Amino acid sequence: CRVAQSLAQYCVGANYAWAMAEGLFLLRLLVATSGRRCLPAFLLLGWGVPVLFVVPWVVLRYLYENKGCWERNEKAAVWWVIRCPILVAVAVNFVVFVRIVRILVAKVRAHQVSRGDTRLRLARSTLTLIPLLGVHEVIFALAGEGEGGGGLRLARLCLHLLLTSAQGLVVSVLYCFTNKEV
């Protein structure tokens with residue numbers, strides 16, 4: 001079960017790393033002037049970076065918190081080995097989101113379209129970016145982990161799981177099923 005827990009932590013880390021890679025790729029498409037491809041760098045970011053914090057977490061868990069199936073996080077310092085890179089990915093994606101929205105605002109204004117159409121196009125573009133970049137994660141990063149038990153922690157967990165699942169659904173529908181290029 002410890003191997004499963006370690007693999008689960010790697011998958012969570014890879015999920016955040018790939019969301020960050022998507023955001024950086026999109027930003028690069030909007031601001032880059034050269035057509036140079038960076039697929040190896042994005043592959044390394046998505047699959048390789050999580051190894052850099054999951055392996056030390058496994059070692060620390062084994063040395064300092066080797067109880068049960070590693071499902072509880074009693075030593076906060078060990079948990080932050082996993083949590084810090086995830087929070088960094090969320091912060092980077094939020095900054096990327098803000099920069100992309102600023103670029104979109106500038107592009108929409110430059111096209112000199114009617115006022116109502118400008119707001120609609122900007123709103124649609126922004127709402128499309130929110131699930132792609134996982135911007136809702138900023139709310140949970142600011143709210144913290146929620147120490148202890150209770151109904152508030154359970155409600156937070158349910159809301160987080162619901163939004164994360166909806167993110168996967170929206171991203172797959174928008175970028176796979178309704179994308180004519182696919």
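The first residue in the sequence is number 1, and the count goes up from there. Keep in mind that this is a model prediction, so the values were computed, not measured.
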Hey, could you give me the [atom1]/[atom2] distance between [X] and [Y], rounded to the nearest 0.5 Å?
{"X": "Cys38", "Y": "Leu43", "atom1": "SG", "atom2": "CG", "value": "11.0 Å"}
{"X": "Leu26", "Y": "Ile100", "atom1": "CG", "atom2": "CD1", "value": "4.0 Å"}
{"X": "Leu27", "Y": "Asn93", "atom1": "CG", "atom2": "CG", "value": "10.5 Å"}
{"X": "Ile82", "Y": "Tyr16", "atom1": "CD1", "atom2": "OH", "value": "12.0 Å"}
{"X": "Ile86", "Y": "Phe53", "atom1": "CD1", "atom2": "CZ", "value": "5.5 Å"}
{"X": "Glu137", "Y": "Asn15", "atom1": "CD", "atom2": "CG", "value": "8.0 Å"}

Considering all heavy atoms, the nearest [X]-[Y] contact:
{"X": "Cys69", "Y": "Arg2", "value": "SG-N, 4.1 Å"}
{"X": "Pro56", "Y": "Val51", "value": "CD-O, 3.9 Å"}
{"X": "Ala17", "Y": "Leu45", "value": "CB-O, 3.4 Å"}

Between [X] and [Y], is there a shared hydrophobic cluster once you connect ILVMFWY residues whose side-chain heavy atoms come closer than 4.5 Å?
{"X": "Val59", "Y": "Val3", "value": "no"}
{"X": "Leu162", "Y": "Val12", "value": "no"}
{"X": "Val92", "Y": "Leu29", "value": "yes"}
{"X": "Tyr64", "Y": "Val54", "value": "yes"}
{"X": "Val96", "Y": "Val105", "value": "yes"}

State, with a plain yes or no, whether a side-chain heavy atom of [X] is found less than 4.5 Å away from one of [Y].
{"X": "Leu44", "Y": "Val49", "result": "no"}
{"X": "Arg72", "Y": "Lys67", "result": "no"}
{"X": "Trp70", "Y": "Val58", "result": "yes"}

Counting the benzene-type ring for Trp, do Trp79 and Trp57 have ring centres under 6.0 Å apart?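 No.
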Listing request: all salt bridge (charged side-chain N to carboxylate O under 4.0 Å, His left out) pairs with a residue in residues 38-62, at least two apart in sequence or in separate chains.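 Matches after skipping sequence neighbours: Arg61-Glu65.
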Angle between ring planes, Tyr10 versus Trp47, binned at 30° and 60°: parallel, tilted or perpendicular? parallel
Counting heavy atoms not belonging to Phe25, are there more than 12 under 6.0 Å from its CZ? no
Pairing donors with acceptors under 3.5 angstrom, does anything connect the side chains of Asn73 and Arg83? no
So Val98 and Phe94, side-chain contact (heavy atoms from CB on, under 4.5 Å) or not? Walk me through it. CA-CA 6 Å; Val98 170; Phe94 186 72; 4.0 Å; yes
